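Data first, discussion second: the structure below is written as structure tokens.
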There are 2 protein chains.
Amino acid sequence: MTPQRTYAIGVDLGATTVKAGIVTKTGSIPDQLSADSLAKRGPAAVIQQIAFTLQELFSRHKPSECLGIGIGTPGIVSAVDGMVQHPPNFADWAQVDVAKEIRRKFKLPVFIENDANCAAVAEARFGTGIEFKDFLFVIWGTGVGGGVILDRKIYRGPHGGGGEIGHVSIDYNGRACNCGNFGCIESYIGQRYLSQRTKEILLATPKESVQSKLEKLTGGDMNKLEPALISQAAEEGDPIAIGVLEEAGELLGYALASILNVLDLRVVVIGGGISAAPAFVYEAITASLRARVLKSHRESVRVVRAKLGNTAGIVGAASLVL
Amino acid sequence: MTPQRTYAIGVDLGATTVKAGIVTKTGSIPDQLSADSLAKRGPAAVIQQIAFTLQELFSRHKPSECLGIGIGTPGIVSAVDGMVQHPPNFADWAQVDVAKEIRRKFKLPVFIENDANCAAVAEARFGTGIEFKDFLFVIWGTGVGGGVILDRKIYRGPHGGGGEIGHVSIDYNGRACNCGNFGCIESYIGQRYLSQRTKEILLATPKESVQSKLEKLTGGDMNKLEPALISQAAEEGDPIAIGVLEEAGELLGYALASILNVLDLRVVVIGGGISAAPAFVYEAITASLRARVLKSHRESVRVVRAKLGNTAGIVGAASLVL
């Protein structure tokens, strides 16, 4: 009797960690594990590490019941040949056919896709997408990435690099971005910038004039000014934290207006680490987006928080199979 | 015997003129005519005028050989019900089902699409699209519009408003645009702005220091500073005209970088009235686009002139049928 195939495995490959999980057809994750991704040691070590986590899962779940393996990866996945191209912070990596290597080792269908696109697919299938069939997914964290969901499917683009919304410029004379452009939204609201901006404002504020929750939360250590902590301070009413996050939301709204105009979309779903920010940040994004987007879009524009948390990567990768 | 259907009719509806032509399956136009569009007199008059031009064509060509009628119109054509929504400069016009009216009168298949999208489709089918299957089409004229061609088909967007690239902002603190946003590329390089910018520079330049070709070409009448004339002056080496067009090209390149990053496109095809500008304008666009777009796109980025001239509207509209 043919065994029933009941689950897929989703692999979420990051520059520091590789996470893998058993994902059921309803999007739940009954089992998952993680390991260091060994990104600094080159492609062979990374692939070996992915294989190791898969073997571990297969020692606990019947391989004969696995539908296949989906992998989410940083960098662009070529739409032509599936090669993973230049993932940031991965050493000695030009173009590597990760899927082929894993397919060879496990004799199962293997699919691979950009990680932001995977998270977008997860939202489309098991999160906000149940309500909206077309939306722009934004990953707001260390950087700013995105995925365009059209009719519940990901827009990959002709070369596999669609949805790079972090490099939409909001000011052609603006901040220099790592990508070589100026004024990219990522360079204004990415994690590093938010931390630095908060630090600058704190340092410029006379000690006696402010009782910052931020100082208490960091114990005075400016290196601890992570967005999660800035969000926490904002929720506790810290005016500096509120100001920084509101400004970031406003700027994101400007970028979104241009993007929604081009793509004719009305809904923005925000995921990634900073998406946990308080509701007023969503209000700031919505207000500036509404003020700037074309009149025909204005009333129906919505900005909502992603429903899936940090498991979106695993679920989305598995969704490539499911 | 069933007659062979050999041609479609393309209608290019504008705020001042309605043009209609017989279009063969190879994209040639053996016969065409035009009339005032009566946009100021309301929807009924406009539809009557379209019908009049069609009747005129049908008096010269056998209706039994017509495959159908395609109409290109300003404004958004709803992806849901085909209604033409708020075409700019058309009086008393909220939502009108133009296609239905024409279908009723002529008992032929009738298709309708936004005019920029029609021109993009024409390029995809009979112009540059023969070489490129994915590209961004830009109409650079009075305003700045666009159409996104993916796998030789138009991207309409979920609501029929895809490709509104004129309202991509390059500076969130920039020029106020008619649409309510700030820094829209249209407000920097649209026809009116180019004329005004040229006028400003001419007025600010001391008479004795400049022998402007522009002054000779306009006979000193600043109201004649149309882009065609600025292009002509630039070709004749006029430094002011060259400067204005080069700056416009550079700014357009900045907007295109953001758009190409999101859509993962590599090729830009420029049509519309100002696309007739000299080659150095294309060089300026390409240079600024290359400097700003993501590294993965940079080498393969190309900016080319549309192949079809002002017949793109008629051919594109007919292509909806063909």
Side-chain angles (χ1 to χ4, degrees), chain A residues 75-76 79 85-86 132-136 146 148 150-151 155-174 177 179-185 188 250-251 253-255 257-267 288 290-298 300, chain B residues 75-76 79 85-86 132-136 146 148 150-151 155-174 177 179-185 188 250-251 253-255 257-267 288 290-298 300:
Chain A
I76 287 176
Q85 298 168 344
H86 310 284
F132 303 110
K133 72 183 187 51
D134 308 285
F135 61 88
L136 177 71
V148 177
L150 298 171
D151 205 15
Y155 170 74
R156 306 197 67 225
H159 308 269
E164 280 287 357
I165 67 152
H167 302 285
V168 165
S169 169
I170 57 169
D171 180 359
Y172 69 95
N173 282 318
C177 180
C179 77
N181 197 351
F182 293 83
C184 292
I185 184 64
Y188 289 87
E250 186 184 330
L251 296 174
Y254 298 151
S258 292
I259 300 164
L260 265 50
N261 285 347
V262 171
L263 292 172
D264 186 39
L265 291 174
R266 304 288 189 273
V267 178
S288 80
R290 282 234 168 95
R292 301 285 178 122
V293 81
L294 286 170
K295 283 199 182 74
S296 52
H297 295 40
R298 219 160 271 180
S300 45
Chain B
I76 288 176
Q85 298 168 342
H86 309 284
F132 304 109
K133 75 183 183 51
D134 308 285
F135 61 87
L136 178 71
V148 177
L150 299 171
D151 204 15
Y155 170 75
R156 305 197 68 225
H159 309 269
E164 279 288 357
I165 67 154
H167 302 285
V168 165
S169 167
I170 58 170
D171 181 358
Y172 68 96
N173 283 318
C177 179
C179 77
N181 197 353
F182 293 82
C184 292
I185 185 63
Y188 288 87
E250 187 183 331
L251 296 174
Y254 298 152
S258 292
I259 300 164
L260 266 50
N261 286 347
V262 171
L263 292 172
D264 187 38
L265 292 174
R266 304 289 188 273
V267 177
S288 81
R290 282 234 167 94
R292 300 287 177 121
V293 81
L294 286 169
K295 284 201 181 71
S296 51
H297 295 40
R298 218 159 275 179
S300 44

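To find a chain, count down the sequence lines: A is the first, B the second, and so on, and within it residues start at 1. Treat the numbers as computed from the prediction; the structure is a model and nothing was measured.
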Drop me the distance from B/His297's NE2 to A/His167's NE2, to the nearest 0.5 angstrom.
10.5 Å
Check whether A/Ile165 gets within reach of chain B through its side chain, its backbone, both or neither, counting any heavy atom under 4.5 Å.
both
Give, as side chain, backbone, both or neither, the part of A/Leu251 having an atom under 4.5 angstrom from any heavy atom of chain B.
side chain
Side-chain heavy atoms of A/Leu263 within contact of B/Leu263, under 4.5 Å
yes
Pick whichever of A/Gly157, A/Pro158, A/Gly162 has the most heavy-atom pairs under 4.5 Å with chain B.
A/Pro158
Quick check on B/Phe182 against chain A: is it the side chain, the backbone, both or neither that has a heavy atom closer than 4.5 Å?
both
Heavy-atom distances under 4.5 Å only: say whether A/Tyr254 touches chain B with side chain, backbone, both or neither.
side chain
Taking A/Arg292 for its side chain and B/Tyr172 for its backbone only, find out whether a donor-acceptor pair lies under 3.5 Å.
yes
Segment of A/Leu294 engaging chain B (4.5 angstrom heavy-atom cut-off):
side chain
Just verifying a value: how many Å separate A/Ser296 OG and B/His159 NE2, rounded to the nearest 0.5 Å?
9.5 Å
If you count heavy-atom pairs under 4.5 Å between each of A/Leu150, A/Ile76, A/Val148 and chain B, which one has the most?
A/Leu150
Once rounded to the nearest 0.5 Å, what's the spacing between atom CG of B/Asn181 and atom NZ of A/Lys295?
10.5 Å
Partner chain B: residue of A/Arg298, A/Arg266, A/Gln85 with the largest heavy-atom pair count (under 4.5 Å)
A/Arg266
Take B/Val168 and A/Val262, measure what side chain to side chain contact (heavy atoms under 4.5 Å, CB included) needs, and give me the verdict at the end.
CA-CA 7 Å; B/Val168 165; A/Val262 171; 3.3 Å; yes
What part of A/Ser169 is in contact with chain B, defined as an atom under 4.5 angstrom from a non-hydrogen atom: side chain, backbone, both or neither?
both
Given a strict heavy-atom distance threshold of 4.5 Å, which part of B/Ile170 is in contact with chain A: side chain, backbone, both, or neither?
both
Among A/Gly180, A/Gly146, A/Gly163, who wins on heavy-atom pairs under 4.5 Å with chain B?
A/Gly163
Does any heavy atom of chain A fall under 4.5 Å from the side chain of B/Arg156, the backbone, both, or neither of them?
backbone
Under 4.5 Å from any heavy atom of chain B - which part of A/Asn261
both
